[in-house]
Protein chains: 2
Amino acid sequence: MKNSPISIETVKNLLEAKGVKPSFQRISVLKYMLQKKNHPSVDMIYQNLITQIPTLSRTTIYNTLKLLNKKRVIASLSISDTELRYDYISDPHDHFLCKQCGQIFDIDALTEAMEPKEINGHDVHEVQVNAKGICSSCRAKMN
Amino acid sequence: MKNSPISIETVKNLLEAKGVKPSFQRISVLKYMLQKKNHPSVDMIYQNLITQIPTLSRTTIYNTLKLLNKKRVIASLSISDTELRYDYISDPHDHFLCKQCGQIFDIDALTEAMEPKEINGHDVHEVQVNAKGICSSCRAKMN
DNA sequence: ATTTAAATTTGTAATGATTACAAACAGAGA
DNA sequence: TCTCTGTTTGTAATCATTACAAATTTAAAT
Ligand SMILES: [Mn+2]
Ligand SMILES: [Mn+2]
Ligand SMILES: [Zn+2]
Ligand SMILES: [Zn+2]
């Protein structure tokens, strides 16, 4: 349940389907996200991939995430006070951020399929529901 | 509807009720927020108050907002990609951020009184619902 | 009123995430 | 091979936020 193996081919097809040229770096970033499902920050991705791709540049991570976000492959979560976190776009769901350990957990959508295209005359592109608190694991450690 | 006049006394009482010593700077910050209702960033507050308080330090704004947040007088909104925004805590409501002009608008809560104390075993302290898109005014200007 | 201690404010330096930018590199034809 | 285009890389700049200590203000004690 932690690290589902995903083939390069799968990721490659995914990228091509979204109109993104599947470079080695782009495949690596998306593969990491699909496997870890950990809503990583730029640095989490970088620190992991640099061990396999010694020439990797942080700028490439920024470029790739920006591109994947524009192509609607991934969402950027403004849930943390300090850094953006990213998530592969699949079924709609909400997020819980632990203020203690910084982990972000998926939670069932707190409200039924809420995707209004318009609110108060404003053009709505996306809606994110962010819960914050202390995760069960951190709370256990506190006792 | 834009700039409701609020008396110093009112703000002072508000602070004292929450256990915050009402210094001149703290009163100024909270008064600004109550009047403008614009979900300001640190810099928006600073740029406005510096005209009346020439000795004001940005650090004081940071200190004050952190204190008011801890005392649950204001909420910090992680809705923008670039900076924290702040909002006086009153009735529960949601927010809409315009990606064009950066303004944040109040919107009716998209879901009925959703304040679960626990989700998936996690301890929930707060839930924020953030919509993003293009505000009506900006869309009008685009045509 | 003086003195003392505590709380608040201020200014400056450091940190850290993100962006800007230009050079280096790689791949696909011609 | 040459050229064009897109991608990656490294470095510098920007900007929000935090760290920290000195200066100032406030409140309390004598
Ligand atoms: Mn998720
Ligand atoms: Mn609001
Ligand atoms: Zn935790
Ligand atoms: Zn707008």
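Sequence lines set the chain letters: A, B, ... in the order given, protein chains first and strands last, and positions in each chain run from 1.
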Are there any protein N/O atoms within less than 3.5 Å of an N/O atom in nucleotides 20-27 of chain C, and if so, which ones and at what distance?
none

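What separates CD1 of I50(B) from P of dT9(C) is a distance of 14 Å, to the nearest Å. Distance L67(B) CG to dT8(C) C1': 11 Å, rounded to the nearest Å. If you take CG of L84(A) and C1' of dA17(C), they are 9 Å apart, rounded to a whole angstrom. When the P atom of dA17(C) is taken as reference, atom CG of L77(A) falls 17 Å away, rounded to whole Å. Rounded to an integer number of Å, the gap from I61(B) CD1 to dT17(D) C1' is 14 Å. Here dT9(C) presents its C1' atom at 15 Å from CD1 of I27(B), a figure rounded to the nearest Å. Computed from coordinates, the L49(B) CG to dT9(C) P distance equals 12 Å when rounded to whole Å. Rounded to an integer number of Å, the gap from Y46(B) OH to dA16(D) C1' is 14 Å.
Contacts of D106(B) classified as salt bridge (charged side-chain N to carboxylate O under 4.0 Å, His left out), with partners at least two apart in sequence or in another chain: none.
Among the heavy atoms of the strands lying under 4.0 Å from R26(B) are primed sugar atoms or P, OP1, OP2 only; no base atom is included. Contact annotation for T60(B): base contact, defined as any heavy-atom pair under 4.0 Å involving a base atom. S41(B) comes within contact range of no nucleotide atom at all, as no heavy-atom separation falls under 4.0 Å.
Each of D81(B) and S23(B) was matched to the nucleotide of DNA chain C holding its nearest heavy atom; the match closer to the 5' end belongs to S23(B). Along DNA chain C, the nucleotide closest to I53(B) and the one closest to D43(A) are compared, and the more 5′ of them pairs with I53(B).
Here the side chain of R139(A) pairs no donor or acceptor atom with the backbone of I134(A) at under 3.5 angstrom.
Under the salt bridge (Lys or Arg N to Asp or Glu O under 4.0 Å) criterion, no residue pair touches residues 24-33 of chain B, with sequence neighbours excluded. Residue pairs satisfying the salt bridge (Lys or Arg N to Asp or Glu O under 4.0 Å) criterion with at least one member in residues 61-70 of chain B, sequence neighbours excluded, are absent.
Residue Q25(B) has no polar side-chain atom (N or O) positioned under 4.0 Å from OP1 or OP2 of dT25(D). The phosphate of dT9(D) (OP1 or OP2) has a side-chain N or O of T55(A) nearer than 4.0 angstrom. Remark: T82(B) is not in phosphate contact with dC15(D), judged by side-chain N or O atoms under 4.0 Å from OP1 or OP2.
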Please tabulate, one pair per line, all N/O donor-acceptor pairs under 3.5 Å involving side-chain atoms of residues 49-58 of chain B, not counting sequence neighbours.
unit_1: T51(B); atom_1: OG1; unit_2: N48(B); atom_2: O; d: 2.8
unit_1: S57(B); atom_1: OG; unit_2: T59(B); atom_2: N; d: 3.1
unit_1: R58(B); atom_1: NH1; unit_2: D43(B); atom_2: OD1; d: 2.1

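The hydrophobic cluster containing L77(A) also includes I79(A), L97(A), I104(A), under a criterion of side-chain heavy atoms closer than 4.5 Å among ILVMFWY residues, counted directly or through chains of members.
For E83(B), the side-chain atoms get nearest to dT17(D) when compared with the rest of dA17(C), dG11(C), dT17(D).
Ring centers of H122(B) and F105(A): under 6.0 Å apart, within the cut-off.
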